[in-house]
Number of protein chains: 2
Amino acid sequence: MTEPANPIQTPKGTAADLIAAGLLLFGRQGFAATSTRALAAQAGTNIASIAYHFGSKEGLRRACGEEVARRIGAALSGVTALPATTPEAARAQLELILRRMAVFVTTSRAAEPLLPFMLREVAEAGPVLDAVYSALFEPLHRRLCALWAAATGQEAESARTRIVVFSLIGQVLYFRIGRPIVMRRMGWTGFGADEAEMLAEILVANLHALLDRERLS
Amino acid sequence: MTEPANPIQTPKGTAADLIAAGLLLFGRQGFAATSTRALAAQAGTNIASIAYHFGSKEGLRRACGEEVARRIGAALSGVTALPATTPEAARAQLELILRRMAVFVTTSRAAEPLLPFMLREVAEAGPVLDAVYSALFEPLHRRLCALWAAATGQEAESARTRIVVFSLIGQVLYFRIGRPIVMRRMGWTGFGADEAEMLAEILVANLHALLDRERLS
DNA sequence: GTCTATAAACAGATAGAC
DNA sequence: GTCTATCTGTTTATAGAC
């Protein structure tokens, strides 16, 4: 989730160009609305190369999903591997993850072509979703559930824990999904340069409020 | 078109059947992936009737958007019109709105064909979005911002208020969007009959925690 | 590996009978 | 208003030259 000092090297060649085009156009317009001609044009190649490299348009979609899973998985590994021995440590790690998520969805350059593609796949429940999901949402859900359980003493598998984790992730994702349309329709001029900071601050305040309340009950 | 005596009752006839088919299939597969033939088959009519009643496939999409706006607007009018004179009243109304949203996204039969269609339009940023948005998200955002401002004494137009409102709505919507895939992938068997109750309870607890923390700072 | 040309299927829209 | 048959353009996938 952090920007690596040495940014992930994107492979070169026609296949990589097509995957980049797929991430961009599938994410921007959706799978069905994107023609193979548009993909080839965006990649600076011809239509036939899609069949040559990926078998079909659907194959390119799959390759895009695997590429996303690969990059996201690498970016998340540092987050999902941290241990949490005490409630205090679990709380601190929940806070850390939320801060990184806030930065990721608002300002991370790495997220730019990946996030729209992923959100599309979630919305379309496409066949690629499992790869993306198992690389991102599943470890994130599991990790947050485990941390919440460690911080509160509740069951990680309980419905309550699950719903709380849903709400934590949902706050971040809806912020990303809804921001463009809300800003356009309501004439909001933007949140400024400190947008990520402010979102993170509110997410963390929200988290601590939830945890404190949980401890009291 | 005359207003039916029972507002829940859906109008009859081929045009209404096509709108119902559009809400269902556009919501399920997306606009681009849904063919006019599939729409006609779902509605139990022929392809030509789409052009006859709505001019084009795009016209049917617009009519679906207006239908959603009409129904949602009616369902929301009671919520967005309530006055809030004191901070305590504002807090109580925030709680009420969250409870209604929780019920709406989890158990309301009325939401079933509408919500997937709306979420698609949001994801696709389709041309219908403005009608849907102005009927639902805009009054909801404005109302929640105003209530939050009334409950905390903050500015309704401030970035902080906007982000808080985003997070409130996001918790509910992501719960609806992410639930199917998370349940499928993680083997969750469901949240039980009291799902809406539990979601509402957590949303409300979240709200009070946020408000209390806001008052202290 | 890359490309042009094309095949086969499909899309949305329409003409015209009823 | 409804429907069948059809037009026109576009889609994905492929064949075959280089």
Side-chain angles (χ1 to χ4, degrees), chain A residues 9-67 117 120-121 124-129, chain B residues 1-2 4 9-67 117 120-121 123-129:
Chain A
Q9 191 100 20
T10 44
K12 295 185 176 180
T14 302
D17 290 343
L18 282 170
I19 289 178
L23 289 176
L24 182 70
L25 296 183
F26 290 156
R28 197 178 275 172
Q29 318 166 348
F31 179 78
T34 303
S35 70
T36 51
R37 278 169 176 78
L39 289 164
Q42 174 69 33
T45 181
N46 55 80
I47 327 173
S49 61
I50 295 174
Y52 177 80
H53 287 284
F54 307 102
S56 66
K57 183 186 172 189
E58 193 66 45
L60 175 56
R61 174 190 227 174
R62 212 174 308 120
C64 288
E66 285 159 8
E67 174 68 13
F117 178 86
R120 284 274 181 194
E121 288 297 322
E124 300 187 7
V128 175
L129 190 51
Chain B
M1 191 181 292
T2 53
Q9 190 162 353
T10 48
K12 295 184 177 180
T14 301
D17 290 342
L18 281 169
I19 289 178
L23 290 175
L24 181 70
L25 296 184
F26 290 155
R28 196 178 277 172
Q29 317 168 348
F31 179 78
T34 303
S35 70
T36 51
R37 282 167 175 80
L39 289 164
Q42 174 69 34
T45 180
N46 55 81
I47 326 173
S49 61
I50 295 174
Y52 178 81
H53 285 286
F54 306 103
S56 67
K57 184 187 173 188
E58 193 66 46
L60 174 56
R61 175 190 227 174
R62 211 175 308 120
C64 288
E66 285 160 7
E67 175 68 12
F117 178 86
R120 283 273 183 194
E121 288 297 323
E124 299 186 8
V128 174
L129 190 53

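In what follows, chains carry the letters A, B, and so on, assigned in the order in which the sequence lines appear, proteins first and then strands, with residues in each chain numbered from 1. The model shown is predicted, which means the values in this text are computed figures rather than measured ones.
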Could you tell me how far apart [X] ([atom1]) and [N] ([atom2]) are, to the nearest whole angstrom?
X: A/Tyr52; N: C/dG1; atom1: OH; atom2: C1'; result: 5 Å
X: B/Arg37; N: D/dT4; atom1: CZ; atom2: C1'; result: 12 Å
X: B/Leu39; N: C/dC10; atom1: CG; atom2: P; result: 17 Å
X: B/Ile50; N: C/dT14; atom1: CD1; atom2: P; result: 12 Å
X: B/Phe54; N: C/dT14; atom1: CZ; atom2: P; result: 16 Å
X: A/Leu18; N: C/dG1; atom1: CG; atom2: C1'; result: 12 Å
X: A/Ile47; N: C/dT6; atom1: CD1; atom2: P; result: 13 Å
X: B/Asn46; N: C/dT14; atom1: CG; atom2: C1'; result: 12 Å

Output the single nucleotide from [options] whose closest atom is nearest the side chain of [X].
X: B/Lys57; options: D/dT4, C/dA13, D/dA13; result: C/dA13
X: B/His53; options: C/dT4, D/dT2, D/dA13; result: D/dT2
X: A/Thr36; options: C/dT2, C/dA13, D/dT12; result: D/dT12
X: A/Ser35; options: D/dT2, D/dT12, C/dT2; result: D/dT12

Q. Can you tell me how far the CG atom of B/Leu60 sits from the CG atom of B/Leu39, to the nearest 0.5 Å?
A.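 Going from CG on B/Leu60 over to CG on B/Leu39, the span is 6.0 Å.
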Q.
For B/Phe26, does the six-membered ring have the charged nitrogen or CZ of B/Lys57 within the cation-pi criterion, i.e. under 6.0 angstrom from the centroid and within 45° of the normal?
A.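 Judged by the rule (NZ or CZ under 6.0 Å from the ring centre, within 45° of its axis), B/Lys57 is not positioned above B/Phe26.
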Q) Is there a side-chain contact between A/Glu124 and B/Arg120, using heavy atoms and a 4.5 Å cut-off? A)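 When only atoms from C-beta onward are counted, B/Arg120 and A/Glu124 do touch, with a gap below 4.5 Å.
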Q: Taking the side chain as every heavy atom from C-beta outward, state whether B/Phe54 and B/Arg61 have any pair of such atoms under 4.5 Å apart.
A: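 They are not in side-chain contact.
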Q) Is the phosphate of C/dC3, meaning OP1 or OP2, less than 4.0 Å from a side-chain N or O of A/Thr45? A)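 For A/Thr45, the contact criterion (side-chain N or O under 4.0 Å from OP1 or OP2 of C/dC3) is met.
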